[in-house]
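Heads up, the thing below is written out as structure tokens.
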Amino acid sequence: MIWIGLLIILCLLFFLVLSIHVYRLNQFKKNKAISNLAVADCLPQISSNPIVKRDLWLKKIIQNSHSVVSFWGNNVDVFAYRFKLRQPLDDKQVKQLQQELDQLLQTYAKQRHIISPVTDTPLLVSDCWVEDRQYLQLEVAVVVNQATYAYVRDIDRADQ
């Protein structure tokens, strides 16, 4: 009789863990779509856009995006993008581009009623840099959970 009770408890635990995993996977996919659409909408609006135009197509952005989850942990909803530059950017220009994109992402989030339970800025550029003088690397955070918020704070501290 005790074995039947233990078996039932184990089955319930298995289904609980499975449902949590499925829920998290669905949230991750949803947040990745939010990030992709936000980047596709906001990047072309940058005033002095240095990115090669063909890299700004939604299909190209979706194919280009990937998660930083494998390195930082399962609940971090930060997505990385790489864009070819028409001309090299200096550090000041990269900082300006990041600030402008942050503003556009905040406006995008407000217009689409994207909210976060942990911060006032649910979409933001968590990191931005130039690689090999010809590629712009962006990381966009969808800050809807504590793990992503902690990641963004850690990146901010590392930059200071």
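Below, each value reflects all heavy atoms present in this structure, side chains not excepted, and no hydrogens, waters or symmetry copies.
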Please report the interatomic distance [atom1]([X]) to [atom2]([Y]), rounded to the nearest 0.5 Å.
| X | Y | atom1 | atom2 | answer |
| --- | --- | --- | --- | --- |
| N36 | Q63 | CG | CD | 11.0 Å |
| K32 | L37 | NZ | CG | 10.5 Å |
| R133 | Q87 | CZ | CD | 11.0 Å |
| L16 | H21 | CG | NE2 | 13.5 Å |
| E131 | L85 | CD | CG | 10.5 Å |

- Item | N75 backbone acceptor or donor facing T148 side chain under 3.5 Å |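 Yes, the answer is positive, given that a donor and an acceptor are paired below the 3.5 Å cut-off.
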- Message: Keeping N145 on the side-chain end and A147 on the backbone end, is there a donor-acceptor pair under 3.5 Å?
- Response: yes
Tell me whether [X] shares a hydrophobic cluster with [Y], the cluster being built from Ile, Leu, Val, Met, Phe, Trp, Tyr side chains joined at under 4.5 Å.
| X | Y | answer |
| --- | --- | --- |
| V76 | V118 | yes |
| I62 | V142 | yes |
| L18 | L10 | no |

State, with a plain yes or no, whether a side-chain heavy atom of [X] is found less than 4.5 Å away from one of [Y].
| X | Y | result |
| --- | --- | --- |
| E100 | S47 | yes |
| R112 | D41 | yes |
| V152 | Y149 | no |
| L97 | L136 | yes |
| T121 | V143 | no |
| S126 | L124 | yes |
| Y81 | I51 | no |
| K29 | L25 | yes |

- Query: Should we count CG of D91 as having more than 12 external heavy atoms under 6.0 Å?
  - Reply: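 Result for CG/D91: open.
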- Query: In terms of heavy-atom contacts, does CG of D120 have more than 12 from other residues, nucleotides or ligands at under 6.0 Å?
  - Reply: no
Would you give me the side-chain donor-acceptor pairs under 3.5 Å for residues 104-111, sequence neighbours excluded?
| unit_1 | atom_1 | unit_2 | atom_2 | d |
| --- | --- | --- | --- | --- |
| T107 | OG1 | Q103 | O | 3.1 |

- Give the C-alpha distance, both sets of side-chain angles, the deciding distance and a yes or no for side chain to side chain contact (heavy atoms under 4.5 Å, CB included) between F28 and S67. CA-CA 10 Å; F28 177 81; S67 172; 3.5 Å; yes
Donor-acceptor pairs under 3.5 angstrom involving side-chain atoms of residues 54-61: please list them, not counting sequence neighbours.
| unit_1 | atom_1 | unit_2 | atom_2 | d |
| --- | --- | --- | --- | --- |
| D55 | OD2 | K84 | N | 2.8 |

For residues [X] and [Y], report the shortest heavy-atom separation together with the two atoms involved.
| X | Y | value |
| --- | --- | --- |
| P88 | Q93 | O-OE1, 4.0 Å |
| P122 | I115 | CB-C, 4.1 Å |
| C128 | V125 | CB-CG1, 4.0 Å |
| F83 | L138 | CE1-CD1, 3.8 Å |

- Task: Quick one: do N31 and Q27 satisfy side chain to side chain donor-acceptor pair (under 3.5 Å)? Show the steps, please.
- Result: CA-CA 6 Å; N31 291 336; Q27 284 300 110; 4.8 Å; no
